[in-house]
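Chain A is the first sequence line, chain B the second, and so forth, proteins listed ahead of strands; every chain is numbered from 1.
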There are 2 protein chains.
Amino acid sequence: MTQIDCDLDDPGCYCVLSDVMELLGKKYVMDIVCVIAVHERVRFGTLEDHLPDASTSTLSTRLDELEAAGFVTREQYDEIPPRVEYELTDRGAELGERLEPLVEWAIDDQQRQTS
Amino acid sequence: MTQIDCDLDDPGCYCVLSDVMELLGKKYVMDIVCVIAVHERVRFGTLEDHLPDASTSTLSTRLDELEAAGFVTREQYDEIPPRVEYELTDRGAELGERLEPLVEWAIDDQQRQTS
DNA sequence: CCGTATCCCAAATGATACTG
DNA sequence: CAGTATCATTTGGGATACGG
C-alpha cells in the first residue's frame, strides 16, 4: 500500500491510503488497541475475554501484526503457568488517543440508534 | 454483532464491538468517509479517482453499506449523462470529525517512519 | 456517467487440537 | 496459560462487461 500523494484538505488529492490505515481496517485491530489502552498492561486471556468473537488464532495474528508495526510490546515472564503481558508503545498510545474518541462515539451512537 | 456490555473506562468491561466499528473495519470505509468529508459533495467517479485501489464493485458496495447505516446520502440527478452525488449525513459528519484526526495522524506517522 | 451483475480467486477468519 | 499448527470455510474483493 503506502500511497500517500495528497493533503487531506486538498480536494485534488489523489488518495489517503496508508499502511497504518490498512492495518486499522483489519478486524478487531481498533478494538484490541483500545482494550490495551484502557488496561495499560493486559494478558492474552484477558484480551480474549474482552473480544469473545475473535478466535484464538486471529487474536494472536493481530497481536503479531501490531507488534511488528511497532504499536504494541509483548513481555513474557517465564513462570509456571506462563504469563504474557501486552502494552502499547508510545506510538501505540498516540494511536489509542485518536482511537478512543472514535470508539466511544461509535458506542454512544449505537445506543442512540437502538433506543 | 452489537455486543456492548461495557464502559471503556471499566477494565472489567466485556467487549467493545459494535456495528459501526465492524463497518469501519471494512476496507476503504474510513477512507471513503474522509474523502466525502473533505469534498462535502462528491460524485462516484471522483471517489474512484481518489481510491484507485478499490474496484468499482467494492466501492459501490461500501457506499450502499454506508447509506444503509445512515452515514451517507445519495442524490441522483436525472440528466444525460447521469450524475450522482454523495454527501455525509449529520451522523456521518460526526463520524468524520472523529476520523480525520486519526487519518491525519496515520499519514504523519507513516511519513515519520519512512523518513 | 453510474453503477449492477457475474464470476472467480485469494485472503481472512474460525474451530479445534495440541505443545512448551 | 499462551499460544502455534492445521484445516475447512467463508467472505471479501477484483476484473469485467453490460444496462439504464
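Looking at B:Ser57, its side chain comes within 3.5 Å of the base of D:dA15 through a donor and an acceptor atom.
Look at CG on B:Leu59: it is 16 Å from C1' on D:dT16, rounded to the nearest Å. Going from atom CG of A:Asp53 over to atom P of D:dT11 covers 14 Å, rounded to whole Å. Atom-to-atom, CZ of B:Phe44 to P of D:dG20 comes out at 18 Å; the value is rounded to the nearest Å. The distance from atom CD of A:Gln76 to atom P of C:dG20 is 14 Å, rounded to the nearest whole Å. Look at NZ on A:Lys27: it is 8 Å from P on D:dG12, rounded to the nearest Å. Rounded to whole Å, atom P of C:dC1 lies 10 Å from atom CG of B:Asp49. A:Glu65 places its CD atom 12 Å from the P atom of D:dT4, with the value rounded to the nearest Å. Atom CZ in B:Arg83 sits about 16 Å away from atom C1' in C:dG3, given to the nearest Å.
Contact annotation: A:Arg74 reaches the phosphate of D:dG3 (side-chain N/O to OP1 or OP2, under 4.0 Å). In this structure, B:Arg43 does not reach the C:dC1 phosphate: none of its side-chain N or O atoms is under 4.0 Å from OP1 or OP2.
Side-chain proximity of B:Ser60 to the nucleotides D:dG3, C:dG14, C:dT4 is greatest for C:dT4. Counting only heavy atoms from C-beta on, B:Pro82 has its side chain closest to D:dG20 among D:dG20, D:dC1, C:dG14. Among the nucleotides D:dA2, C:dG14, D:dC1, the one closest to the side chain of A:Pro81 is D:dC1. Comparing C:dC1, D:dG14, C:dC2 against the side chain of B:Val84 picks out C:dC2 as the nearest.
Here CH2 of B:Trp105 is found 9.0 Å from CG of A:Leu99. Values are rounded to the nearest 0.5 Å. Atom NZ of A:Lys27 and atom CD1 of A:Ile32 lie 12.0 Å apart (nearest 0.5 Å).
A salt bridge between B:Arg43 and B:Glu79 is absent, with no side-chain N of the basic residue lying under 4.0 Å from a carboxylate O of the acidic one.
When heavy atoms are screened at a 4.0 angstrom cut-off, B:Tyr86 is found touching the sugar-phosphate backbone but no base atom.
Using the six-membered ring where Trp is involved, B:His50 and B:His39 have ring planes that are perpendicular, over 60° apart on the 30 and 60° scheme.
Of the two residues contacting DNA chain C, namely A:Lys26 and A:Thr56, the nearest-nucleotide position lying further toward the 5' end is that of A:Lys26.
A heavy-atom distance below 4.5 Å is not found between the side chains of B:Val103 and B:Asp31.
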